[in-house]
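Worksheet: one structure, shown below.
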Amino acid sequence: MLATMLYAPGDVRVEERDEPVIQKPTDAIIRLTATCICGSDLWPFRGLNDVSSPMAMGHEYCGVVVAVGSEVKTVKPGQFVVGSFVLSDNTCPHCRHGFQSSCEQREFMTGGQAEYARVPLADGTLIATDTMPDDDLIPSLLAASDVLGTGWYAADAARVQSGSTVVVVGDGAVGLMGVLAAKQLGAHRIIAMSRHKSRQDLALDYGATDIIAERGDAGVARVKELTQRIGADAVLECVGTQESMQTAINCARPGSMIGYVGVPHGVQFDGQSLFFSQTGMIGGPAPVRRFLPHLLDLILTRQINPGRVFDLELPLAEAAEGYRAMDERRAIKTLLRP
């Protein structure tokens with residue numbers, strides 16, 4: 001089968017690899033209908049994460065089950081499934097509290113940018129649709145595997161509710177999904193921080209009411225101006241840099257919550273500053289499995305269209321171009337068709 005491998009920063013190759021096989025009785029094998037490139041895949045691509053040996057890339061996936069292990073009960077061959085990028089048993093205490101991304105058996109999905117993929121902990125990770133979905137819904141169903149669920153978690157963690165004023169820091173795919181989620185959760189005002197016209201336009205379509213192009217202190221000043229110096233009720237941090245995190249903290253009003261889902265790179269906190277800000281924070285890898293049933297229902301009933309975040313579609317064999325396009329900000333997110 002074809003599979004995407006990262007050999008070194010900037011060195012992405014699509015090459016022939018052995019098809020995956022059942023290794024544990026809780027595994028499933030799926031034939032990918034679609035997969036994609038994540039913003040977090042750009043960290044090793046850019047050399048910001050160590051690449052000491054060839055890496056099998058891809059953690060976002062949807063497709064048709066072709067085989068299951070002897071202990072798998074909830075999905076069967078022939079079903080179309082979507083799963084979280086974090087693999088979980090969905091039964092441990094952390095899972096039962098809704099934090100499947102901290103499952104006691106947690107694994108992170110790998111090898112999803114391929115024609116076939118092995119999904120461990122299939123019963124706790126995969127959800128099957130009742131019927132084979134229409135092809136035009138595939139991008140949205142794929143988005144639910146990570147970026148939609150992650151943006152939704154950011155909004156949920158920030159306690160977005162009806163009437164809220166929300167700031168979304170970051171205009172990548174997750175930030176745009178955060179805008180969509182904030183709108184669905186009833187936010188009255190959604191301020192999206194973005195400097196790129198195509199992303200600004202999509203943010204507005206997803207429900208943003210205001211766009212701020214400035215960054216850093218200038219961006220914070222604009223938020224304070226729009227909120228009569230008060231700050232936001234909820235802030236979604238969707239980047240993971242020191243500047244974006246500090247912006248999120250500085251935009252939040254006292255008593256508000258910050259949902260942070262950008263994978264941190266070089267982020268440090270000033271304890272005294274955080275103490276006097278009187279803001280709450282929760283984040284980390286999104287427990288997508290908690291939200292998947294609701295998100296799939298919204299997609300299958302065509303109430304939301306997160307698939308629009310994919311603005312480039314390529315054959316799997318051209319994955320390297322998809323990486324370059326996202327790295328050079330020529331694309332928000334690349335969908336790959338095996």
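Computed over heavy atoms, backbone and side chain alike; hydrogens, waters and symmetry mates excluded. Since the structure is predicted, the reported quantities are computational estimates derived from the model, not experimental observations.
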Verdict with reasoning, D311 to R199, per salt bridge (charged side-chain N to carboxylate O under 4.0 Å, His left out): CA-CA 10 Å; D311 56 347; R199 300 170 188 233; over 6 Å; no
[X] vs [Y] side-chain heavy atoms within contact, under 4.5 Å:
X	Y	value
M326	L42	yes
V166	V168	yes
I191	T227	yes
H59	C38	yes
R308	L202	yes
V21	I29	no
V75	V68	yes
V86	R289	no

Would you name the heavy atoms of [X] and [Y] that are closest together and state the gap between them?
X	Y	result
L148	P306	CD2-CG, 3.7 Å
A155	A181	CB-CB, 3.9 Å
V288	A144	CG1-O, 3.3 Å

Specify whether Y323 and F45 have parallel, tilted or perpendicular ring planes, treating 30° as the upper limit for parallel and 60° as the lower limit for perpendicular. tilted
Measure the acute angle between the ring planes of H265 and W43, then classify it against the limits of 30° and 60° as parallel, tilted or perpendicular. parallel
Residue from L236, V235, I249 passing side-chain contact (heavy atoms from CB on, under 4.5 Å) with V169: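 Exactly one candidate clears the test, V235.
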Just one of C95, S88, S101 clears the side-chain contact (heavy atoms from CB on, under 4.5 Å) bar with P287, so which one?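 The residue from C95, S88, S101 that satisfies side-chain contact (heavy atoms from CB on, under 4.5 Å) with P287 turns out to be S101.
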Atom [atom1] in [X], atom [atom2] in [Y]: separation rounded to 0.5 Å?
X	Y	atom1	atom2	answer
R106	Q100	CZ	CD	12.5 Å
L312	C36	CG	SG	11.5 Å
C62	R31	SG	CZ	12.0 Å
Y153	F99	OH	CZ	4.5 Å
D210	I190	CG	CD1	9.5 Å
L176	D201	CG	CG	10.5 Å

Taking [X] for the side chain and [Y] for the main chain, is one N or O donor matched with an acceptor at less than 3.5 Å?
X	Y	value
R189	L226	yes
S70	P25	no
R96	T91	yes
Q105	D89	no
T125	A122	no
R290	G98	yes
E225	Q228	no
D270	S273	yes
Y116	L32	no
R118	D27	no

Side-chain heavy atoms nearer than 4.5 Å, only ILVMFWY residues, links allowed to pass through others: does that put [X] and [Y] together?
X	Y	result
V174	M193	no
M177	V261	yes
F85	F291	yes
V147	L185	yes
V51	M57	yes

With the threshold set at 4.0 Å, does a side-chain nitrogen-carboxylate oxygen contact exist between [X] and [Y]?
X	Y	answer
D123	K73	no
D11	R13	yes
K183	D205	no
E313	R337	yes
K333	E60	yes
R17	E15	yes
E321	R330	yes
D217	R222	no
D233	R253	yes

Could you go through the side-chain contact (heavy atoms from CB on, under 4.5 Å) check for Y61 and I30 one step at a time? CA-CA 9 Å; Y61 58 98; I30 63 173; 3.5 Å; yes
Please indicate whether Q268 has more than 12 foreign heavy atoms, meaning atoms of other residues, nucleotides or ligands, lying under 6.0 Å from its CD. no
Is the number of heavy atoms from other residues, nucleotides or ligands under 6.0 Å of E328 CD greater than 12?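 Count over threshold, so yes.
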Checking M132 against V64 for the side-chain contact (heavy atoms from CB on, under 4.5 Å) test, could you report, in this order, the C-alpha distance in whole Å, the side-chain angles of both residues, the deciding distance, and whether it holds? CA-CA 9 Å; M132 200 62 62; V64 178; 4.1 Å; yes
Show the numbers, then the answer: is there a side-chain contact (heavy atoms from CB on, under 4.5 Å) between R195 and R215? CA-CA 9 Å; R195 299 191 300 181; R215 288 188 174 181; 3.2 Å; yes
Check the pair R302, D134 against salt bridge (charged side-chain N to carboxylate O under 4.0 Å, His left out), reporting the backbone distance first and the verdict last. CA-CA 11 Å; R302 299 182 182 272; D134 294 337; 3.2 Å; yes
Under the criterion side-chain contact (heavy atoms from CB on, under 4.5 Å), I'd like the reasoning laid out for F80 against T131: C-alpha separation, chi angles, the key distance, then a yes or no. CA-CA 7 Å; F80 184 91; T131 59; over 6 Å; no
Hydrogens and angles aside, do S244 and T247 bring a side-chain donor and acceptor to less than 3.5 Å of each other? no
Polar side chain donor-acceptor pair, E243 to T241, under 3.5 angstrom: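 T241 and E243 do not have a side-chain donor-acceptor pair below 3.5 Å.
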Hydrophobic cluster of F276, others only, ordered by chain and residue number, side-chain cut-off 4.5 Å: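 Grouped by the 4.5 Å side-chain rule, F275 form the rest of the cluster around F276.
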